[in-house]
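To keep things clear, I will list the structure first and then write my remarks on it.
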Amino acid sequence: MGPLDTPFDQPLPHSPDAERAVLGAILWNGNSFYRVLGIIQTEDFFKDAHRRIFLAMKAAAEAGRDIELLAVIEELRRRSALEQVGGASYVSSLMDGIPDIANVEAYARSVKREARKRRLMIFGNSVMRQSLDPQQEPEQIGAWAINALASEGDTEGHSESLYDIVLGVEKRKRERLATGAARVFRAGFPRLDAARIVRRKGLTIVAAPTHHGKTTFLLNLMTGILRNEPAAISAFFSLEMSDEEVMDPVLAILSGALLKRIQNRTLSDEEAPRFAAALDLVKSWRKRAFFTEHIRDFESLHADCRRLKATGGLDVIFVDYLQLIGGFDSESGEREVNRIGRGLKRLAQDLDIAVVVASQVNKEREKRSSKRLSISDMKYGSVIGEHADVALMFQRPRQDDKANQELRWCEMIFQVEKNRGHENGDVPMHADMPTQTIAEGDCEGNRCRWFGTAAEQLSLK
């Protein structure tokens, strides 16, 4: 063993530039706070002023306020801490130089690394003190040191005791039972619900050709879960459609009124009260259902999910659709989709939520004699299927052959192509597109509104 020659006159490990960069990035873009929330805690900052500023940011987030310069300064003033951190001028100076917001996680990891070094130095000092105590046995000191090091270490990527994992799983199950939170989410589709198609920590891909109803099916899943799981909180991220284009179908699904009449506000006497009841239902979901059309890249999606999880909870997200998500290496489309798929799966695991994502289907299927879909028909299907726990695929034959009056508009071919750990197979489904309602079963079971002529069908399509 070498001599105790550590130079204790040096300052404790810390990275002032990384600390400033993290705080500055958050002040420039409040979403950055939620991107670093799972990496660092308040005590990881070395400088007391930085700890106080991060605490003020956390308080603003917990109150549901935007994390921006004036809000943080006001929160510091409310805590009588503004002068202690150097005044408003110092808080503002954190934004000087415009920090590289895209690398905020890297800055946060640097802050965390230096914080762990400081804690290890303190830990080493404790070991020396115990070793100098004549009453302490070496075995006791060694056992304490091993346990302390294990608790200090970053568990990401490290093995855990099977017993500890079992205890953790049982604890989560008890917490879910106590709060009514589901492990598997019921959407009102008996066979699909039994197949556990929407589950926590899982990535579900919903694939269909263009204009066959991917968004409609996602909205049916979301509203079904909100109806059947009273404790579930969901968010719908639309990367293609506006709020009006999405919300009118939601009201059609909930009311059973014709979509065209909702869009034109020409409801019949019978539909009007059902429409009013649908509005009341949506009002009751004010803190349970969220929608955004402003997300355009994976980093923003990730940050918004963390914000929702931290401020009120989150259980299920729906993304429409995968190939429109940007934010990764754009040199190769396949590489980009692979990283996004891996990122969505990790998001589901880290936040303990279910992730449901729509995907495009290639037009190559139209050239085959067999019209049955497969995972390889998805755009970049080989990499998407690798990350998905569940792959649902469907098509509506009349959409591809509009002149064929032998086909009904409501006919839907629905396939569970992949279902990790559970049953695959076909499920009979029925699409009542005039009301945007998708359900299990056939026309008879769904009291289908079947109109005799093609013109009548087209008028309600």
Side-chain angles (χ1 to χ4, degrees), residues 187-189 206 208-228 234-285 289-293 318-321 356 358 392 394-402 405 407-414 429-461:
F189 299 93
V206 176
T210 304
H211 303 308
H212 282 231
K214 292 188 297 292
T215 306
T216 301
F217 182 67
L218 257 60
L219 292 174
N220 274 265
L221 278 179
M222 184 185 73
T223 54
I225 288 171
L226 289 167
R227 281 170 154 169
N228 288 278
S234 71
F236 193 100
F237 297 92
S238 177
L239 283 77
E240 184 179 39
M241 301 173 69
S242 68
D243 53 2
E244 288 189 19
E245 290 174 308
V246 173
M247 290 305 109
D248 282 343
V250 166
L251 293 171
I253 293 167
L254 296 177
S255 67
L258 296 179
L259 176 61
K260 286 187 67 173
R261 292 178 184 165
I262 290 177
Q263 291 170 333
N264 299 327
R265 293 301 189 265
T266 55
L267 296 167
S268 67
D269 291 340
E270 184 212 358
E271 291 171 329
R274 299 205 309 267
F275 181 79
L279 287 174
D280 288 339
L281 184 57
V282 172
K283 182 180 179 181
S284 72
W285 292 342
F290 300 90
F291 170 84
T292 180
E293 58 180 326
F318 299 86
V319 184
D320 187 25
Y321 56 90
V356 184
L392 307 176
F394 67 86
Q395 55 186 312
R396 293 167 51 221
R398 186 66 184 269
Q399 282 295 99
D400 290 330
D401 190 2
K402 293 182 171 62
Q405 296 192 28
L407 297 174
R408 295 186 175 188
W409 288 110
C410 56
E411 184 179 346
M412 175 181 276
I413 300 173
F414 197 96
M429 299 288 282
H430 180 271
D432 183 6
M433 299 310 286
T435 63
Q436 298 288 283
T437 304
I438 295 176
E440 289 183 3
D442 54 17
C443 288
E444 184 177 355
N446 285 283
R447 293 181 295 177
C448 177
R449 68 177 89 246
W450 180 246
F451 297 89
T453 68
E456 288 173 326
Q457 296 166 39
L458 283 169
S459 70
L460 290 170
K461 177 178 167 290

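All values below were derived from every heavy atom in this structure, side-chain atoms included, with hydrogens, water molecules and symmetry-related copies excluded. These numbers come from a predicted model, not from an experiment.
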Centroid separation F217 to F394 less than 6.0 Å: yes
Contact check, side chains of V250 and T223, non-hydrogen atoms, under 4.5 Å: yes
Sole residue of I225, N220, L226 in side-chain contact (heavy atoms from CB on, under 4.5 Å) with M222: L226
Main-chain N/O of H211 paired with Q399 side-chain donor or acceptor, under 3.5 Å: yes
Results of salt bridge (Lys or Arg N to Asp or Glu O under 4.0 Å) for E271 - residues two or more places apart only: R261
Nearest atoms (heavy-atom pairs only) where P249 meets Q436: CB-OE1, 3.6 Å
Candidate pair F318 and L219, rule side-chain contact (heavy atoms from CB on, under 4.5 Å), full reasoning: CA-CA 8 Å; F318 299 86; L219 292 174; over 6 Å; no
side-chain contact (heavy atoms from CB on, under 4.5 Å) evaluation trace for M247 with F236: CA-CA 11 Å; M247 290 305 109; F236 193 100; over 6 Å; no
Donor-acceptor pair, side chain of R396 and main chain of C410, under 3.5 angstrom: no
Shortest non-hydrogen contact from T435 toward G256: CG2-O, 3.3 Å
Those residues that, when tested against I413, pass side chain to side chain contact (heavy atoms under 4.5 Å, CB included) (two or more places apart): Q395, P397, Q415
Residues in side chain to side chain donor-acceptor pair (under 3.5 Å) contact with E245, at least two apart in sequence or another chain: S242
Side chain to side chain donor-acceptor pair (under 3.5 Å) partners of E440, counting only residues at least two apart: none
Pairing residues for D243 by the side chain to side chain contact (heavy atoms under 4.5 Å, CB included) criterion, not counting sequence neighbours: F291, E293
Donor-acceptor contact below 3.5 Å, side chain R227 vs main chain L254: yes
Verdict with supporting geometry, D248 and K260, salt bridge (Lys or Arg N to Asp or Glu O under 4.0 Å): CA-CA 9 Å; D248 282 343; K260 286 187 67 173; over 6 Å; no
Contact check, side chains of L267 and I262, non-hydrogen atoms, under 4.5 Å: yes
Results of side chain to side chain contact (heavy atoms under 4.5 Å, CB included) for A358 - residues two or more places apart only: K214, L218, D320, Y321
